[in-house]
Amino acid sequence: MPRDNKTPLIQKIAKQAHITFKGLKSSANGDNKLVADQQSELISLVTAVRAADLKIAPRKTKPSSGTAGLQSPPVAYMHICETEVFSIGVFLLRTGASIPLHDHPGMNGMLKVLYGKVSVRCFDKLEDNLTVSTVPPHFEPPLAPCQMASLRRSVLRSVSEYSETSGPCLLTPLRDNLHQIDAVEGPAAFLDILAPPYNPDDGRDCHYYKVLQTVAEGETDGKTNKDQQGEEKDKEEETWLLEIPQPEDFWCGGEPYPGPAVSF
């Protein structure tokens with residue numbers, strides 16, 4: 001079958017995302033093999049996309065600090081397309097920028113680096129609320145009693161780096177659903193697909209989290225969680241998260257999308 005070289009790649013990705021995630025939503029009574037094939041096709045298309053396909057080029061930026069940092073957001077978002085089924089856009093991270101640990105309630109997602117390099121830490125919540133029998137450890141610094149209701153037990157699934165030659169980083173409602181994204185060694189950009197999109201009215205609001213350190217962790221070999229971020233983790237690591245307001249040093253600006261238009 002001849003390849004369609006006239007349709008922009010981002011249009012093909014959007015069309016396949018619509019097919020894939022619409023099928024995934026109704027897969028309980030559908031053809032599981034068909035759904036898997038559709039997902040595989042979407043991953044293949046997303047893996048192939050490059051910054052040039054979206055007319056995006058790396059920019060020379062310095063780490064945000066002082067007055068300049070207050071004037072320019074650490075992260076910017078380019079909106080490409082959004083439907084009830086999915087959304088597509090591009091996140092631009094300045095040198096040294098980070099998207100704090102956050103969740104994607106009931107959502108699937110794909111992240112594909114377009115330029116630069118990012119480090120992604122993926123977590124899963126093990127339970128939404130603590131039970132009476134759950135005894136949390138002692139934290140350093142200690143938590144206030146009013147913070148206990150915002151405590152979440154979780155597991156660190158992976159710490160991985162992605163570049164433009166990497167395949168996409170995937171998340172599902174139950175797997176790798178929470179992540180933190182850090183720009184590594186310079187500015188970075190990535191294509192972001194979420195299905196369905198964030199919508200607070202439907203229970204899909206974004207929540208932010210802080211990784212807590214226990215007293216025991218602080219006493220072993222003088223290492224903290226921060227010291228261990230760059231180490232290879234061969235096994236899943238149970239940890240504790242505290243739900244927090246959006247960090248004051250993080251905000252996201254908007255920029256126009258310069259690439260091919262997407263339509264349905």
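If you read the sequence from its start, that first residue is 1, and numbering goes on from there.
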Distance-minimising heavy-atom pair for Asp124 and Asn177: OD1-N, 3.2 Å
Check whether any side-chain N or O of Lys117 sits under 3.5 Å from a backbone N or O of Pro187 as a donor-acceptor pair, and report yes or no. no
What are the two closest heavy atoms between Met107 and Pro196, and how far apart are they? CE-O, 3.3 Å
Heavy-atom closest contact (Tyr208 atom, Pro245 atom, distance): CB-O, 4.1 Å
Is there a side-chain contact between Cys81 and Phe264, using heavy atoms and a 4.5 Å cut-off? yes
Spacing of CZ belonging to Phe250 relative to CD1 belonging to Ile99, to within rounding of 0.5 Å: 5.5 Å
Is Ile181 reachable from Phe91 through a run of I, L, V, M, F, W or Y residues, each pair having side-chain heavy atoms under 4.5 Å apart? yes
Measuring from atom CD of Gln39 to atom CZ of Phe21, what distance do you get when rounded to the nearest 0.5 angstrom? 7.0 Å
According to a hydrophobic-cluster definition based on side-chain heavy atoms being under 4.5 Å apart (Ile, Leu, Val, Met, Phe, Trp, Tyr only), do Val262 and Met78 belong together? yes
Do Ile43 and Leu114 belong to the same hydrophobic cluster, where Ile, Leu, Val, Met, Phe, Trp and Tyr are linked whenever their side-chain heavy atoms lie under 4.5 Å apart, directly or via other members? yes
Please tell me whether Val75 and Leu111 are part of a single hydrophobic cluster in this structure, the criterion being side-chain heavy atoms less than 4.5 Å apart. yes
Between OG of Ser163 and CD of Glu185, what distance do you get to the nearest 0.5 Å? 10.5 Å
Quick one: side chain to side chain donor-acceptor pair (under 3.5 Å) partners of Asp103, sequence neighbours excluded? His207, Tyr209
Looking only at atom types and distance, does a side-chain atom of Arg204 sit under 3.5 Å from a main-chain N or O of Pro197, one as donor and one as acceptor? yes
Out of curiosity, Leu241 CG to Lys210 NZ, how far, rounded to the nearest 0.5 Å? 11.5 Å
Could you measure the distance from the CZ atom of Arg152 to the CZ atom of Phe123? Nearest 0.5 Å is fine. 15.0 Å
Side-chain donor/acceptor of Thr47 to backbone N/O of Gly167, under 3.5 Å: no
Passing candidate, side-chain contact (heavy atoms from CB on, under 4.5 Å) with Ile80, options Ile88, Ile13, Ile193, Asp192: Ile88
side-chain contact (heavy atoms from CB on, under 4.5 Å) between His179 and His102, intermediate numbers included: CA-CA 6 Å; His179 61 207; His102 61 283; 3.4 Å; yes
Between Ala189 and Leu92, what is the shortest heavy-atom contact and its length? CB-CD2, 3.6 Å
Parallel, tilted or perpendicular: ring planes of His18 versus Phe86, cut at 30 and 60 degrees: perpendicular
Under 4.5 Å between any side-chain heavy atoms of His104 and Tyr198, yes or no? yes
Which atom names give the shortest non-hydrogen contact between Pro168 and Val46, and what distance separates them? CB-CG1, 4.0 Å
Is there a side-chain contact between Val211 and Gln213, using heavy atoms and a 4.5 Å cut-off? no
Val120 versus Ser160: any side-chain heavy-atom pair under 4.5 Å? no
Between Ser119 and Val159, is the side-chain contact (heavy atoms from CB on, under 4.5 Å) condition met? List the steps. CA-CA 7 Å; Ser119 174; Val159 180; 4.1 Å; yes
I would like to know whether Asp53 and Ile10 meet side-chain contact (heavy atoms from CB on, under 4.5 Å); could you show each step before the answer? CA-CA 7 Å; Asp53 295 312; Ile10 189 63; over 6 Å; no
Look at the rings of Phe139 and Trp240 and say which category their plane angle falls in: under 30° parallel, 30 to 60° tilted, over 60° perpendicular. perpendicular
Quick check: closest heavy atoms across Arg94 and Ser72, and the distance to 0.1 Å? NH1-OG, 3.0 Å
Between CG on residue Asn199 and OG on residue Ser87, distance to nearest 0.5 Å: 11.0 Å
Any side-chain heavy-atom pair from Gln11 and Pro260 closer than 4.5 angstrom? no
Would you say that Pro258 contacts Ile56 through its side chain, given a criterion of any heavy-atom pair below 4.5 Å between the two side chains? yes
Can you list the steps and then say if Leu212 with Thr214 is a side-chain contact (heavy atoms from CB on, under 4.5 Å)? CA-CA 7 Å; Leu212 298 178; Thr214 66; over 6 Å; no
Transitively linked via ILVMFWY side-chain contacts under 4.5 Å: Met110 with Val90? yes
